[in-house]
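Source: prediction; values computed, not measured.
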Amino acid sequence: MDISQATAAAQADTDPGTSLAPHLGAESGGESGAVHGYTANKEAYLRRLKRIEGQVRGIARMVDEDKYCIDILTQVAAATKALHAVSLGLVEEHIGHCVIGAAAEPDAGLRAQAVDAKVKEAAEAIGRLLR
């Protein structure tokens, strides 16, 4: 993948028109086989991540071939931007599915605690993204 192809791929990954908007689904949880907020868009996420994986392999190839450092940095920035787009989509999915799901808890006593926990998870994840 050359520089223009990788840049175009990164732009496609971050294009607002291809947003991975939240979709509500079944209950979420940490167990295997659970339905998470991103489950409805799992294939789209996997396609994006495979494209990013290809970008990173291309960057390694550029280093191996002693390409110009600024060209490599341009590709690193493009891959980083693409990963950020995936991250933001996952945050949207978490809020749209997990936080909203917690807010729908029928037991009022558990609802506030569940919402607080899911919002805290989101805030911590966003904090990690900003570091």
Once you round to the nearest 0.5 Å, how far does [atom1] of [X] lie from [atom2] of [Y]?
X	Y	atom1	atom2	answer
Q75	T80	CD	OG1	10.5 Å
N41	L46	CG	CG	11.0 Å
K81	Q55	NZ	CD	11.5 Å
L49	K42	CG	NZ	12.0 Å
I59	T74	CD1	OG1	10.0 Å

Hydrophobic cluster membership, [X] vs [Y], 4.5 Å side-chain cutoff:
X	Y	result
V76	M62	yes
L110	V115	no
L73	Y68	yes
L83	Y45	yes

Distance-minimising heavy-atom pair for [X] and [Y]:
X	Y	answer
I52	A79	CG2-O, 4.4 Å
R111	A102	CG-O, 3.6 Å
K118	C98	CG-O, 3.8 Å

Check your understanding: Is the shortest distance from a Lys or Arg side-chain nitrogen in R57 or E53 to a carboxylate oxygen in the other one below 4.0 Å?
Key ->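 A salt bridge links R57 with E53.
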Would you mind writing out the side-chain donor-acceptor pairs for residues 123-131 within the sub-3.5 Å range, not counting sequence neighbours?
none

Check your understanding: Any sub-3.5 Å donor-acceptor pair from Y38's side-chain atoms to G89's backbone N or O?
Key ->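 Here the side-chain-to-backbone pair does not exist.
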Check your understanding: For H97, does its backbone N or O pair with a side-chain atom of H36 as donor and acceptor, under 3.5 Å?
Key ->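 It does not hold such a pair.
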